Amino acid sequence: MIRFTLPRRRQLRIVSLAAAGLLVASVATAPAGNAAVTPDAEAVATATTAQTATATPTLGVDEISSSPNLRQIANLPKQAPFDTLASLGTDMAFQGRYAFVGNYNGFVIYDIGQPSAPKIVSQVLCPGSQNDISIYGDLLFLSTDSSRTDDSCASTAQPASVKESWEGIKVFDISDKANPRYVKAVETACGSHTHTLVPAKDRRSVYLYVSSYSPRAEFPDCQPPHDSISIVKVPVKDPTAAAVVATPNLFPDGGYEGIPGEKSATSGCHDITAYPAKDLAAGACMGDGILMDISDREAPRVINRVRDTVNFAFWHSATFNNTGTKVVFTDELGGGGAATCNEVVGPDRGADAIYDITGRGDARTMVFRSYYKIPRVNADTENCVAHNGSLIPVLGRDIMVQAWYQGGVSVWDFTDSAKPKEIGFWERGPLSDTQLVTGGAWSTYYYNGHIYSSDIQKGLDVLELNDWRTWTANLVRFRELNVQTQAGYLSW
């Protein structure tokens, strides 16, 4: 997430930690289209899996700590023009021997053909936070969620109150990895904080489900209420014809109203994960988690909604298990800029929530089972909270690798939804032992035998996992991977 400027980070940290000390009295679930929710705080009390944190929270600056089964085999630091504190490394996508990594100032293409020695193929300077990224064939898509003077890569910041300001989707041709070519821009309401690629069923087009939020009356292109997403259709053979084809309202009766300073109100979605093979998607929408039928790609339908008013502050992202019978939602308490992996916040806030998906068709519902949070205490100079991760394609089990900002990388098993457990970790010490400097792993994903982690300040980390519980993942290979476009794999 991280949508604030440097001076506000410390403010947000103080506010979020104060808010973290407060609990509201219910967890709620509701069917789609029903604004009323049924309190179910007892479900949280019974299903919560508390984890005892390590007593000593401190590693030295840049000191490495890990479990025996997980080791770093490479690090390639950020390079100019992306080597400043403000050039935050963001999300990742993969294709063949290449990794594509977003940055607040553009994107980088890495050759990972030899994982222990990654190389930079090209860097594209194109500022516009947060440059969330996905790829499809010869096309690369970037999300711009900061108001710019125009849609060019030479644009500068301009207030969203100016009608002519631009935010949205940028499309690049990457047929030549060494020389990406900018081919199209599509403006979307409230910009594009993240986007999710959903292939059309005929494969002639791809759809981008654009998530954005935080409308304001003084923003001409981001007016409240903003209960919708934008759907951009991109013809694969004619990307210059890309355009918004639908803006479905996901919350016609309104979303969660929130609690100022504590819980985010729903005013759009933060991120959506699609499982196209199952015509299913899960949306993390600030104050609500939703399950959608996407059999009609241009008209997704909300079939179930859940709400956690006890522990969740900001519904951030979602991950299905391989069979589509579970979904993990993350809570980005503090917006990614606060130290929430400490004893004050505890094990149930700034965590993952695991839901089982029960029923069939439109009768499917999400049932809360437990929380998962890394079982280590971090220093107050380390921003740490649940963030982007992916399934490790292990046959017959549900195992995930996940980024926790300066909390590092966690590999954890949620095969038993009620009793998740960590099976491996890798962590780098704080950037500073005197002040909080935003950094750490933004996204950590498993791809074709290795774990790749986009570190906000340190660049690209490559990790190797050696564990008997995950060895079958070596049998699975993907030609292309956008983690928010979930791909199934053989299982039993």
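Fair warning: this is a prediction, and the values are worked out from it, not measured in the lab.
- Each disulfide (SG to SG under 2.5 Å) pair with one or both residues in residues 375-460, not counting sequence neighbours, appears once here: Cys341-Cys384.
- Judged by the 6.0 Å and 45° rule, Lys177 forms a cation-pi pair with Tyr98.
- Residues Arg97 and Asp111 are paired through a salt bridge, judged by an N-O separation under 4.0 Å between the basic side chain and the carboxylate.
- Rounding to the nearest 0.5 Å places OG1 of Thr144 at 10.5 Å from CD of Gln130.
- Rounded to the nearest 0.5 angstrom, Ile229 CD1 and Thr196 OG1 are separated by 8.0 Å.
- A donor-acceptor pair shorter than 3.5 Å can be found between the side chains of Tyr445 and Asp91.
- Applying the salt bridge (charged side-chain N to carboxylate O under 4.0 Å, His left out) definition to pairs two or more places apart or across chains, those involving residues 439-465 are Asp62-Lys458, Arg71-Glu464, Arg428-Asp455, Arg428-Asp461.
- The backbone N or O of Thr340 sits nowhere less than 3.5 Å from a side-chain atom of Asn378 that would complete a donor-acceptor pair.
- Side chain of Asn322 to backbone of Tyr489: a donor-acceptor contact under 3.5 angstrom is found.
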CA sep, side-chain torsions, deciding dist, call: Ser317, Thr330, side chain to side chain donor-acceptor pair (under 3.5 Å): CA-CA 5 Å; Ser317 52; Thr330 65; 2.7 Å; yes
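- At least one donor-acceptor pair under 3.5 Å links the side chain of Thr194 to the backbone N or O of His270.
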Does the side-chain contact (heavy atoms from CB on, under 4.5 Å) test come out yes or no for Tyr256 and Ile259, once each step is laid out? CA-CA 9 Å; Tyr256 179 47; Ile259 301 173; 3.7 Å; yes
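- Note on Asp288 versus Arg307: salt bridge recorded, some NZ/NE/NH1/NH2 to OD/OE distance being below 4.0 Å.
- Checking side-chain atoms of Asp467 against main-chain N and O of Asn69 turns up no donor-acceptor pair under 3.5 Å.
- Taking OH of Tyr446 as the start and CG of Leu391 as the end, the distance is 12.0 Å to the nearest 0.5 Å.
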Verdict with reasoning, Gln402 to Thr444, per side-chain contact (heavy atoms from CB on, under 4.5 Å): CA-CA 5 Å; Gln402 187 174 5; Thr444 304; over 6 Å; no
